[in-house]
Engineer: 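One structure coming up, written as structure tokens, with questions to follow.
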Protein chains: 2
Amino acid sequence: MARAATTSDAFNAIAEPQRRDILVLLRTGERPVTDVAQVLGMSQSQASKHLRVLREVGLVRVRGAGKQRLYGLDARGLRPVHEWTGGFERFWNERFDRLDAYVQDLEQARQEE
Amino acid sequence: MARAATTSDAFNAIAEPQRRDILVLLRTGERPVTDVAQVLGMSQSQASKHLRVLREVGLVRVRGAGKQRLYGLDARGLRPVHEWTGGFERFWNERFDRLDAYVQDLEQARQEE
DNA sequence: TGATCATATTCCGATATAGGAAAACGTCAA
DNA sequence: TTGACGTTTTCCTATATCGGAATATGATCA
């Protein structure tokens, strides 16, 4: 089995830095593909492909505006990610005091030998 | 170029559901590989491989305890993910009232034709 | 209809996975 | 040292990427 599809999930979709950049850019408002590509310094086809992935996961919405297609943010899919990581909030503080203490104990024990 | 390595980043590491399960499990305390494998219903070698990835990204720490190796959580690497997604917090509420409104406008316009 | 702009898709290559099976390694105890 | 246990590491296969280049599709306007 290979790695899960990037379109399987918001977790997979945002694993790619360029897609994260796109999402951040879209916070400023809707943009056509060309804009995204130019602002973020990627090729048009790359931008289009990344936007497709984001669309398939539902992080982005499109609407036609004349010749253009305007991509807009739909951040709701990021909420589960935020909440999942939030479940570790107390561990990245508290829990680590113990590990640090443990390491200090080790070093102290070593010195006392 | 292929997809970024799972070990490049916490974002990539947690794209895999089984690795997320492992992290959740480790919130209950340190565990040897066998435990992880058994509790989560995966093979020992799979558990070991996933733990390796998590270790390389720094989300997990190991310490030898006799024959066993105890894996413990180091959640600090999840903080950036939490904070990045947090940057979209107001968009998954507010911003969408507008889009919904936009869609309603469309439908209303259609009925008035 | 035909030209043109904006975007999407298809080919292609190189790479990196996840999982299963089997084999290698490390550590302890007798 | 030998054995047994716990864990990690190869091989292997199937699959899915990301990126560039080129091509195809779509929409608008004259």
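In what follows, chains carry the letters A, B, and so on, assigned in the order in which the sequence lines appear, proteins first and then strands, with residues in each chain numbered from 1.
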Engineer: Grab the two heavy atoms, one from A:W92 and one from B:A75, that are nearest each other, plus how far apart they are.
Structural biologist: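 Heavy atoms of A:W92 and B:A75 come nearest at CE3-O, 3.6 Å.
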
Engineer: Relative to the ring of A:F11, is the ring of A:W84 parallel (under 30°), tilted (30 to 60°) or perpendicular (over 60°)?
Structural biologist: perpendicular

Engineer: Mind calculating the distance between NZ (A:K67) and C1' (C:dA6) to the nearest angstrom?
Structural biologist: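 Rounding to the nearest Å, NZ of A:K67 and C1' of C:dA6 are 8 Å apart.
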
Engineer: Using whole Å, what does the distance between atom P of nucleotide C:dT17 and atom NE2 of B:H50 come to?
Structural biologist: 12 Å

Engineer: Specify the residue among A:T7 and B:L51 whose closest nucleotide of DNA chain D lies further upstream toward the 5′ end.
Structural biologist: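 Checking each residue's closest nucleotide, the 5'-ward one belongs to B:L51.
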
Engineer: A:T7 and side chain to side chain contact (heavy atoms under 4.5 Å, CB included): which partner among A:L54, A:V53, A:N12?
Structural biologist: A:V53

Engineer: Between A:M1 and A:S45, which has a closest nucleotide on DNA chain C that is more 5'?
Structural biologist: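 First, find each residue's nearest nucleotide; the 5'-ward one identifies A:S45.
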
Engineer: Could you pull out the closest heavy-atom pair between B:A13 and B:R19, with the gap in Å?
Structural biologist: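 So the two residues come closest at O-NE, 2.6 Å.
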
Engineer: Taking OP1 and OP2 of C:dA8, is either one under 4.0 Å from a side-chain nitrogen or oxygen of A:R52?
Structural biologist: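 Answer no for this pair, as no side-chain N or O of A:R52 is under 4.0 Å from OP1 or OP2.
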
Engineer: Over how many whole Å does the gap from A:L70 atom CG to D:dA27 atom P extend?
Structural biologist: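 Roughly 14 Å, once rounded to whole Å.
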
Engineer: Between atom CZ in A:R69 and atom C1' in D:dT25, what is the gap in whole Å?
Structural biologist: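 After rounding, the gap between these two atoms is 11 Å.
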
Engineer: Taking atom P of D:dT8 as reference, at what distance in whole Å does atom CD of B:Q44 sit?
Structural biologist: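 To the nearest whole Å, that distance equals 9 Å.
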
Engineer: Hey, does the side chain of B:Y71 come within less than 4.0 Å of D:dT8's phosphate (OP1/OP2), counting only N and O?
Structural biologist: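 The answer is yes; a side-chain N or O of B:Y71 sits under 4.0 Å from OP1 or OP2.
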
Engineer: Are OP1 or OP2 of C:dT15 and a side-chain N or O of B:R3 less than 4.0 angstrom apart?
Structural biologist: no

Engineer: Would you mind reading off the distance between A:L54 atom CG and D:dT17 atom P, rounded to a whole angstrom?
Structural biologist: 13 Å

Engineer: From the options D:dG20, D:dT17, D:dT15, select the nucleotide whose nearest atom is closest to the side chain of A:A2.
Structural biologist: D:dT15

Engineer: In whole Å, what is the span from the CD atom of B:Q46 to the P atom of C:dT17?
Structural biologist: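 So the two atoms are 13 Å apart, to the nearest Å.
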
Engineer: What integer distance in Å separates A:E16:CD from C:dT17:P?
Structural biologist: 14 Å

Engineer: Counting just side-chain N and O atoms, does A:Q68 come under 4.0 Å of either OP1 or OP2 of C:dA6?
Structural biologist: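 Checking A:Q68 against C:dA6: no side-chain N or O falls below 4.0 Å of OP1 or OP2.
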
Engineer: Taking any heavy-atom pair under 4.0 Å as a contact, classify B:T6: base, sugar-phosphate, or nothing.
Structural biologist: sugar-phosphate

Engineer: Could a donor-acceptor pair under 3.5 angstrom be found where the side chain of A:K49 meets the base of C:dT10?
Structural biologist: yes

Engineer: May I ask you to verify if any side-chain N or O of B:R19 is less than 4.0 angstrom from the OP1 or OP2 atom of C:dA18?
Structural biologist: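 Yes, such a contact exists.
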
Engineer: Identify the two heavy atoms, one from B:S48 and one from B:V33, that lie closest to each other, and give their separation to 0.1 Å.
Structural biologist: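 Result for this residue pair: N-CG1, 4.0 Å.
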
